[in-house]
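Residue numbering restarts at 1 for every chain, and letters A, B, ... go by the order of the sequence lines. Treat the numbers as computed from the prediction; the structure is a model and nothing was measured.
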Amino acid sequence: MTLHGLIRHDDFQWHLPMTGDMRVPAIVYGSLELVRAMEDQALTQLRNVACLPGIVRAAMAMPDAHSGYGFPIGGVAAFDPARGGVVSMGGVGFDIACGVRTLLTGLTRDDILARREALADALFHAVPSGVGQGGRIILKGDEMAQMLEGGAAWAVGRGYGLPADLARIEDHGRMPGAMPGHVSPRARERMRDQLGTLGGGNHYLEVQWIERILDADKGAAFGLREGDAVISIHCGSRGLGHQIGQDFIDELAPGSKARRKGKAAAPNPYLPVPDRELVCAPIDSEPGRRYLGAMRAGINCALANRQVITHLVRGVFADLFPAARLDLLYDVSHNTCRAERHLAEGKEQTLFVHRKGATRALGPGHPELPDTLRATGQPVLVGGSMGTASYILAGTAEGEARSFASACHGAGRSLSRTEARRRFKGRDVVDTLQHHGIFIRTFSDRGIAEEAPGAYKDIDEVIASAAGAGLAVPVARTHPLICVKG
DNA sequence: ATGTAC
């Protein structure tokens with residue numbers, strides 16, 4: 001059958017054949033229900049991505065995909081630098097290295113319930129949240145450049161967290177190749193007091209309990225037990241990542257800001273692209289290398305941010321649950337472009353994989369995994385919407401082969417922020433969730449309305465699709481107890 | 001996502 005021009009390949013995979021300027025086909029992973037509900041604009045964007053130079057195999061959409069800036073959120077695309085492949089700001093996403101990390105607590109749901117009000121208040125107090133909010137750490141002198149260069153490894157060196165944390169972070173907590181010199185003064189200025197802050201939008205700090213283990217062996221290997229409490233932190237590179245993306249779009253998209261200011265727009269030989277929002281530069285070009293260097297600095301910023309927040313959370317638990325030890329399960333970014341080795345067109349090659357609202361999912365045996373995770377595959381952390389379940393999955397060999405080792409990153413929006421604000425009232429949403437035993441702490445009623453569970457797809461359906469497509473295997477389903485929301 | 005516009 002066909003839907004939106006997609007041809008059904010099997011229960012969870014749909015193909016968009018090459019038409020017009022497409023250089024490769026497009027693939028959408030998802031159940032009939034999810035694909036039927038997918039916005040036309042997300043599919044148009046996917047088709048546009050398939051037109052970009054140097055794209056390899058296919059433009060892909062994960063089951064949680066929806067429309068974004070240029071690329072769909074939930075989009076995956078890999079480019080070959082040797083064939084004019086590009087890097088795109090819209091393909092990384094504005095919030096560079098936005099991601100999730102999950103901490104084990106060794107505590108049970110009942111332990112948390114006994115101190116729930118105090119814990120919710122203490123976390124809300126300890127971790128600054130909200131749009132534009134700064135924190136108590138001010139980066140001075142060379143510290144900004146060191147943080148952008150060193151990521152979570154820098155943070156651990158400064159006493160924020162434990163050396164053992166680093167093995168449980170992508171790239172061991174530090175993305176190599178960062179070029180802080182290509183991060184604008186304005187981007188740095190925005191970050192000056194934002195390290196260790198959650199931000200707004202869909203970012204959160206949740207205490208969750210494991211209501212179901214879905215794969216006993218992998219669950220045990222991850223240290224997960226039914227009834228235990230875990231902590232999930234979802235945030236990114238705050239104003240810095242956003243400013244990096246904006247700076248490069250302004251530079252590379254003629255006719256945007258530079259022209260408005262009366263300056264000559266920087267000549268960009270790489271445009272036109274099918275959509276101005278897909279503005280990009282060849283990986284092997286001066287601006288491409290500069291953006292990659294700045295973007296990698298943005299990745300380190302997000303890794304450092306989640307590391308510092310972890311330290312703040314540990315401080316809270318040290319007060320309220322002195323016996324608890326908060327071990328890091330894993331930290332994954334879901335807005336990145338990474339150079340990775342993949343088997344494509346019959347040979348192993350280095351490709352630049354954009355994952356925008358998509359999670360890397362390495363299968364068992366992958367050399368980049370730490371020894372402790374080598375046998376199970378990479379933990380794939382998929383955050384649900386506020387008040388709904390989240391999942392922990394594991395990467396698979398099939399996923400490595402099919403989707404450049406990528407899986408979904410969340411529930412995925414089903415309503416725009418504007419539409420969500422129109423339909424829901426923040427106060428009501430908080431009351432309803434409280435009634436269901438989920439404690440929300442926030443400064444922003446408006447943010448709550450935008451993030452209402454009803455504005456998101458059904459996470460269970462998304463996970464069933466990712467699992468059905470073989471992209472990752474579900475290991476545990478968690479449910480929120482406390483949610484600190486920007 | 002975002003000092004939700006400079």
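Close to B/dT2, at under 4.0 Å from its OP1 or OP2, lies a side-chain N or O of A/Arg238.
Rounding to whole angstrom units, CZ of residue A/Phe94 and P of B/dT4 are separated by 14 Å. Atom CZ of A/Phe443 and atom P of B/dT4 are 18 Å apart (whole Å). Put simply, NE2 on A/His242 is 10 Å from P on B/dT4, counting in whole angstrom units. Look at CD on A/Glu451: it is 17 Å from P on B/dT4, rounded to the nearest Å. Whole-Å rounding puts the A/Glu189 CD to B/dC6 C1' distance at 16 Å. Taking atom CZ on A/Arg446 and atom P on B/dT4, their separation rounds to 10 Å, with Å as the unit. Rounding to whole angstrom units, CD of residue A/Gln246 and P of B/dT4 are separated by 12 Å. Between A/Asp445 atom CG and B/dT4 atom P the separation is 19 Å, expressed in whole Å.
Nearest-nucleotide assignment on DNA chain B puts the 5′-proximal partner with A/His234, out of A/Glu450 and A/His234. If A/Val131 and A/Arg413 are placed on DNA chain B by their nearest nucleotide, the residue sitting closer to the 5' end is A/Arg413.
Between A/Phe124 and A/Phe443, a ring centre-to-centre spacing shorter than 6.0 Å is recorded.
Ring geometry for A/His354 against A/Phe79 counts as perpendicular: the plane angle is over 60°, on a 0 to 90° scale with 30° as the lower cut.
Contact annotation for A/Gly241: no contact, since no heavy-atom pair falls under 4.0 Å across all strands. Nucleic acid contact for A/Gly236: none, since no nucleic acid atom lies under 4.0 Å from a heavy atom of the residue.
Contact check for A/Gln434 versus A/Phe439: side-chain heavy atoms found under the 4.5 Å cut-off.
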Could you list the donor-acceptor pairs under 3.5 angstrom formed by side chains in residues 143-159 of chain A, with sequence neighbours left out?
unit_1	atom_1	unit_2	atom_2	d
A/Glu143	OE1	A/Lys140	N	2.6
A/Glu143	OE2	A/Arg158	NH1	2.9
A/Glu143	OE2	A/Arg158	NH2	3.1

